[in-house]
Amino acid sequence: MHALACKRCRQGSGPMGDRYWQQYAHQSQIDKQKSKMAKITPRSKDFSEWYLDVIREADMADYAPVRGCIVVKPYGWSLYENMRDFLDRRFKETGHSNAAFPLFIPMSFLQKEAQHVKGFSPELAVVTIGGGETLEEPLAVRPTSETIIGSMYAQWVKSYRDLPVLINTWNSVVRWEKRTKPFLRTMEFYWQEGHTAHATHDEAMEEVLRMLGVYADHASEECAIPVIQGRKSISERFAGADNTFSIEAMMGDKKALQAGTSHDLGQNFARAFEIKYLDRDNTEKLCWTTSWGMSWRMLGAVIMTHGDDQGLRLPPKIAPVQVVIVPIYKNDTEKSSVFETAERIYKEIKAAGLRVKLDDREETPGFKFNDWEMRGVPVRVEIGPKDVANRAAALARRDIPGKAGKSFVPQDGLVQRVQVLLVEVHNSLLQQATAFRDANIHEVNTYEELKEVVEDGFALAPVADDPEVDAKIKEETRATNRNFPTQQAAGEWKCIITGKPVRERALFGKAY
RNA sequence: CGGGGCGUGGCGCAGUCCGGUUAGCGCGCUUGAUUUGGGUUCAAGAGGUCGGUGGUUCAAAUCCACUCGCCCCGACCA
């Protein structure tokens, strides 16, 4: 009946038809407004949808033809490169060298460390055919490189003089994930793995904590993300580690994201791969090894920590474009004078070593403002005819939206102003993220309190480091034990589950 | 892997219930004008084997089966 009526509307004239078209036209107007102004789902409406929208609109990544894999586009990759370069510099400063290890790992290697193979076998991709022939021994696509690197270290380390071995490798690994999300959990992900071997456990522990500190510094100094360093609970440890440490960050939806890990591997891999050295006392000893990693997941953290309804807000130090110049003009005469100024300013900013872009596209200024805001560019310089006449410029900062973040400044000293502003934007983003996080972490002393707090934030609760405790809390609240923060007040409390006396609080929250 | 939702030009959707002419709309794209200090406006264009496969039918975007993918919620993870 209804379809018939519509058909009649389409074909026919008369009152019904007119009403149909009127209604249709009205609907179109709404659609237009919607699609124009809301390319990005508001963060408050649907955080997950917002996250995906931002990645698409900021031109960071695209879905690959293979399930669970992404293509990182130039804008996203540039961000990754900047992050990587900062980290790499820090690794070099702490005495590490880069090297490369194979993508393929003999299955037997993974099986040498019992916990390790147990932990990783569910998510292994395994190559069984090569060159058209069935392989004698299947090759795992590396899910991480402890085993293959361990096997090499066993060959390289003979004497105490060979220690420590301090190597890092930038690569990608594959883990067969059930549920994926761009940057946060993809089947293949890019990261770095540091692998070190030491003569003593003390030295290894020093390394583990040093690198955890490097990650924490990188997160706050370069990514403007405050993190909580701590020790993972027994149930959250890396497969094959004696101890795992992590940095945990709070995202804009108050969920936790593990942004980096550092493992004390004890002598587990040394034993499995016979990484031994002859000590000064002429006895053969097992090494102590560590590993630590940080992945492109950190980009997800940057998006989810700083982003707003307009899109990305990038920390200046890692932003692919730190300053964008938008020229404003009405006609060719204005255009040439505006561009003359804009190009001069562009050169000055570039000469100062900043990543600057002059947007010479044939679009309206308003369009460009929104476009670059979506991409998270920290500072925008506007040059129009009035500015040319007044030797001035408009400066807008991405961390403060709208007119409040706009100022009008003289062209003289503009570069210095921009440099100062970039630092301010960084500080402001870090400050905003820290304030948000701190406002949403609460100390609790009972299980009831924890249940309430983790509904909308993190809870710091005294608990025993016991897998059963973690499991119970997780099952009943969906919140997980993120870590036992390194920095916390000393004291003695009762575990909120077991009632046993404990000396530490753990951080609980719903996590990615 | 379980529960739910969705696959229709690059993006967002209508049409599917109840099968029937050349499958529409907005954004985006191209061209030309117009505009330009916060997503200009107008005109003319280009662009779609309706996720895929098989079936039912004179006829399938529409019905049926299978399959693939995406999103959300649970079990596992950087």
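Please read these numbers as outputs of a predicted model, since none were measured by experiment. Lettering of chains follows the sequences in order, A, B, ..., and the numbering in each one begins at 1.
- In this structure, the CZ atom of A/Arg482 is 10 Å from the C1' atom of B/C77, given to the nearest Å.
- One finds a side-chain N or O of A/Arg179 lying less than 4.0 angstrom from the OP1 or OP2 phosphate oxygen of B/C73.
- Comparing the same atom, P, in B/U67 and in B/G2 gives a spacing of 11 Å after rounding to whole Å.
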Between the protein and nucleotides 67-71 of chain B, which nitrogen or oxygen pairs are less than 3.5 angstrom apart?
unit_1	atom_1	unit_2	atom_2	d
B/C70	OP1	A/Gly68	N	3.4
B/C71	OP1	A/Tyr63	OH	2.8

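- Panel note: side chain A/Thr169, backbone A/Ala99; a donor-acceptor pair is recorded below 3.5 Å.
- OP1 or OP2 of B/C76 lies within a sub-4.0 Å distance of a side-chain N or O belonging to A/Lys474.
- When heavy atoms are screened at a 4.0 angstrom cut-off, A/Gln258 is found touching the sugar-phosphate backbone but no base atom.
- The gap from the C1' atom of B/A23 to that of B/A65 amounts to 25 Å, rounded to the nearest Å.
- Nucleotides B/G20 and B/G26 have their P atoms positioned 23 Å apart, rounded to a whole Å.
- Between the CD atom of A/Glu362 and the C1' atom of B/G32 there is a distance of 14 Å, given to the nearest Å.
- The distance from atom CZ of A/Phe367 to atom P of B/G37 is 13 Å, rounded to the nearest whole Å.
- Between the side chain of A/Arg56 and the base of B/G12, no donor-acceptor pair of N or O atoms lies under 3.5 Å.
- Across all strands shown, A/Ala259 has no heavy atoms under 4.0 Å from either base or sugar-phosphate atoms.
- Nucleotides B/U62 and B/G51, compared at atom C1', are 16 Å apart to the nearest Å.
- Remark: the A/Lys403 side chain and the B/G37 base include no donor-acceptor N/O pair separated by less than 3.5 Å.
- Note on ring orientation: taking the six-membered ring where Trp is involved, the planes of A/Trp77 and A/Tyr80 are tilted (angle from 30° to 60°).
- Within 4.0 Å of A/Pro122, counting heavy atoms only, lies no atom of the nucleic acid at all.
- Using a distance-only test at 3.5 Å, with no hydrogens or angles considered, no donor-acceptor pair links the side chain of A/His218 to the main chain of A/Ala216.
- Within the 4.0 angstrom heavy-atom criterion, base atoms lie near A/Lys386.
- Nearest-nucleotide positions on RNA chain B for A/Ser235 and A/Ala393 put A/Ala393 closer to the 5' end.
- With rounding to whole Å, A/Asp62 atom CG is found 12 Å from B/C11 atom C1'.
- For the pair A/Lys73 and A/Tyr75, the cation does not sit on the ring face, since its NZ or CZ is not both under 6.0 Å from the ring centre and inside 45° of the axis.
- Legend: ring pair (Phe, Tyr, Trp, His ring centres under 6.0 Å) pairs involving residues 381-409 of chain A, not counting sequence neighbours: none detected.
- Stacking between A/Phe189 and the base of B/A78 is present: ring centres sit under 5.5 Å apart and the planes differ by under 30 degrees.
- Between B/G9 and B/G45, the two C1' atoms lie 15 Å apart (nearest whole Å).
- The base-pairing partner of B/G45, taking Watson-Crick or G-U wobble contacts with both distances under 3.5 Å, is B/C29.
- Ion pair A/Glu123/A/Lys178 not flagged as a salt bridge, since none of the NZ, NE, NH1 or NH2 atoms sits closer than 4.0 Å to an Asp/Glu carboxylate oxygen.
- RNA chain B is contacted by both A/Gly384 and A/Thr364; A/Gly384 maps to the nucleotide lying nearer its 5′ end (nearest heavy atom per residue).
- Counting to the nearest Å, the C1' atom of B/C77 and the NZ atom of A/Lys232 are 11 Å from each other.
- As rounded to whole Å, 14 Å separates atom C1' of B/C29 from atom CZ of A/Arg361.
- Nucleotides B/C13 and B/A78 place their P atoms 34 Å apart, quoted to the nearest Å.
- Rounded to the nearest Å, the gap between the P atom of B/A33 and that of B/U21 is 41 Å.
- Using bins of under 30°, 30° to 60° and over 60° for the plane-to-plane angle, the ring pair A/Trp292/A/Tyr215 lands in the perpendicular bin.
- Residues A/Gln192 and A/Asn168 approach most closely at NE2-OD1, 2.7 Å, considering heavy atoms.
- Base engagement by A/Thr186 is indicated by at least one non-hydrogen atom pair under 4.0 Å involving a base atom.
- Between B/C29, B/G38, B/C77, one nucleotide has an atom nearer to the side chain of A/Arg185 than all others, and that is B/C77.
- Counting non-hydrogen atoms under 4.0 angstrom, A/Gly293 reaches nothing in the nucleic acid.
- Rounded to an integer number of Å, the gap from CG of A/Asp371 to P of B/U40 is 11 Å.
- Atom pair A/Arg380:CZ and B/G37:P shows a separation of 12 Å (rounding to whole Å applied).
- Residue side chain A/Glu373 reaches the base of B/G38 through a donor-acceptor N/O pair under 3.5 Å, judged by distance alone.
- Looking at every heavy atom in both residues, A/Ile473 comes nearest to A/Tyr447 through CA-OH, 3.8 Å.
- Closest to the side chain of A/Ile328, from the set B/G38, B/U36, B/C77, is B/U36.
- Comparing B/C76 with B/G19, their P atoms are spaced 46 Å from each other, to the whole Å.
- Here B/C66 sits opposite B/G52 as a Watson-Crick or G-U wobble pair (both hydrogen-bonding atom distances under 3.5 Å).
- Ion pairing of A/Glu382 with A/Lys406 is present here, as a side-chain N (NZ or NE/NH1/NH2) and a carboxylate O approach within less than 4.0 Å.
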